[in-house]
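Some notes on the structure that comes next.
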Protein chains: 2
Amino acid sequence: MLHHSLMDCGSQTPRPALETGSHDVGPRIRRLREERGLSLSELARRAGVGKATLSGLENGTRNPTLETLWAVTAELGVPLAVALGADPVVSGATIRGTAVAGVLLKVFEDENVTYELYRLMIPAGARQLSPAHHEGVTEHITVFGGTLRVGPADSPLLAGPGEHISWLSDVPHVYAAVGDQDVHASLLIRYPRRRGDERSPEDSDASPQA
Amino acid sequence: MLHHSLMDCGSQTPRPALETGSHDVGPRIRRLREERGLSLSELARRAGVGKATLSGLENGTRNPTLETLWAVTAELGVPLAVALGADPVVSGATIRGTAVAGVLLKVFEDENVTYELYRLMIPAGARQLSPAHHEGVTEHITVFGGTLRVGPADSPLLAGPGEHISWLSDVPHVYAAVGDQDVHASLLIRYPRRRGDERSPEDSDASPQA
DNA sequence: GACGGTCGTTCCGTATACGGAACGATTGTC
DNA sequence: GACAATCGTTCCGTATACGGAACGACCGTC
């Protein structure tokens with residue numbers, strides 16, 4: 001039994017009283033709302049739920065309905081799963097090029113470096129050329145299935161299942177699924193923080209070109 | 001009354017809908033239940049909810065309460081976020097050894113091989129010895145921060161930020177955070193399917209020791 | 001082929017989550 | 001300082017999600 005997200009929500013035998021507000025859905029919703037500069041009244045109005053409902057939800061004094069949660073999280077623009085604590089950082093953002101489909105799994109923000117972890121899928125036979133990234137950016141690929149030709153456009157490498165490839169991606173580089181199988185791979189992109197880059201950790205629209 | 005119960009989560013004006021996860025909570029719960037070989041009556045009894053409630057939930061004819069969802073998903077042993085479509089495979093299961101804390105990010109099930117992707121954290125100075133895995137299992141680590149000594153117990157390697165290490169983990173192997181920084185790393189474990197292993201794709205309790 | 005066991009669904013009275021209205025508190029305006 | 005506007009909370013009647021019981025269907029066993 002994989003014990004889930006936060007502290008031991010005690011799923012033993014019959015039912016441990018379940019305490020309505022045990023996991024912090026309410027505070028999370030509230031934080032999401034406040035991050036957007038919305039008042040409770042405003043969000044309630046936009047989401048089409050009563051203020052009483054939203055107030056009770058945020059304070060954990062109610063036991064909200066799935067429908068209510070849907071209405072509120074939809075208006076906040078987050079997947080419901082995230083509001084329930086799936087993963088605070090990223091969940092399922094998708095990038096897509098002509099050939100490469102990538103799902104952003106994780107972003108790690110450290111002091112001087114950012115890592116982005118993607119799952120990639122490249123249809124058999126497809127090929128994509130991506131422009132250079134910033135200086136110092138490196139990509140690290142683990143192939144799950146299929147055979148991948150990847151790397152700098154003038155010197156790509158081949159990788160089969162279980163193999164790793166890393167390269168400096170500050171030059172144009174290619175991705176290609178050779179053979180007749182789709183390529184599944186994990187891509188880790190490492191962005192060293194350039195001197196003077198002060199972008200706040202939250203404005204994350206500059207999604208990389210893969 | 002907010003309708004939009006099923007499909008068309010139409011959060012019109014402000015946001016681009018953000019791909020919610022399709023919302024078929026009922027069928028998902030049903031699938032999770034059936035994968036575990038539980039009858040509706042049995043699960044209802046164990047979770048401490050009425051059969052009517054569970055039936056209605058699975059069939060989508062009710063609008064379940066968060067408390068109800070908690071009770072059911074807790075008994076199924078999955079994070080609620082997963083039942084709501086966060087990620088069909090895995091989200092947030094945690095493994096923990098004497099020194100290594102690992103969060104399972106992803107599981108890829110292919111025909112002849114399974115990959116598990118973890119995020120690891122090892123406190124500065126900590127060290128852990130892990131027993132051998134099955135024959136053919138390999139581990140692939142990408143270090144995010146800190147310096148990691150890792151690999152077969154008799155010949156570990158060193159890796160700093162951005163570096164990869166791979167090794168055959170069918171022998172006892174060590175993890176150690178050298179230096180004064182916590183180690184953050186990504187761990188990919190590759191389990192080739194052994195001949196004759198027919199474990200169904202979902203009975204996942206044999207969580208690896210890291 | 002009657003019987004006890006279990007399956008998933010439906011019916012029903014009760015508990016409760018719902019939206020709307022009223023509330024006191026706070027803020028900005030004249 | 002009176003006033004209007006808005007904040008988040010609380011009160012209240014109604015809609016509805018809840019658990020329990022009854023239901024028909026489908027097994028095995030004798």
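Every chain is numbered from 1 and lettered A, B, ... according to where its sequence line falls, protein lines coming before strand lines.
Qualifying side-chain hydrogen bond (donor to acceptor under 3.5 Å, both in side chains) partners for A/Arg30, counting only residues two or more places apart in sequence or in other chains: A/Glu58, A/Asn59. Every residue two or more places apart in sequence or in another chain that forms a side-chain hydrogen bond (donor to acceptor under 3.5 Å, both in side chains) with B/Thr53 is listed here: B/Arg62. The side-chain hydrogen bond (donor to acceptor under 3.5 Å, both in side chains) search around A/Glu34 returns none, not counting sequence neighbours. Residues passing the side-chain hydrogen bond (donor to acceptor under 3.5 Å, both in side chains) test with B/Asn63 are A/Glu67, sequence neighbours excluded. With sequence neighbours excluded, the residues satisfying side chain to side chain contact (heavy atoms under 4.5 Å, CB included) with A/Val137 are A/His133, A/His134, A/Ser169, A/Ile189, A/Tyr191, A/Pro192.
The backbone N or O of B/Lys51 sits nowhere less than 3.5 Å from a side-chain atom of B/Ser55 that would complete a donor-acceptor pair.
One atom, CG of B/Leu54, and another, P of D/dG20, lie 13 Å apart when rounded to the nearest Å. In this structure, CG of A/Leu57 is placed 11 Å from P of C/dA17, rounded to the nearest angstrom. At whole-Å resolution of the value, CG in B/Leu66 and P in D/dA17 are 15 Å apart.
Put simply, B/Thr65 has no side-chain N or O that comes within less than 4.0 Å of OP1 or OP2 on C/dA17.
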Anything under 3.5 Å between a protein N or O and an N or O of nucleotides 7-13 of chain D, put it in a table, one pair a line.
residue	atom	partner	partner atom	Å
D/dC7	OP1	A/Ser39	OG	2.7
D/dG8	OP1	A/Arg33	NH1	3.3
D/dG8	OP1	A/Leu40	N	3.2
D/dG8	OP2	A/Leu40	N	2.6
D/dG8	OP2	A/Ser41	N	3.2
D/dG8	O6	A/Lys51	NZ	3.3
D/dT9	OP1	A/Asn59	ND2	3.0
D/dT9	OP2	A/Ser55	OG	2.8

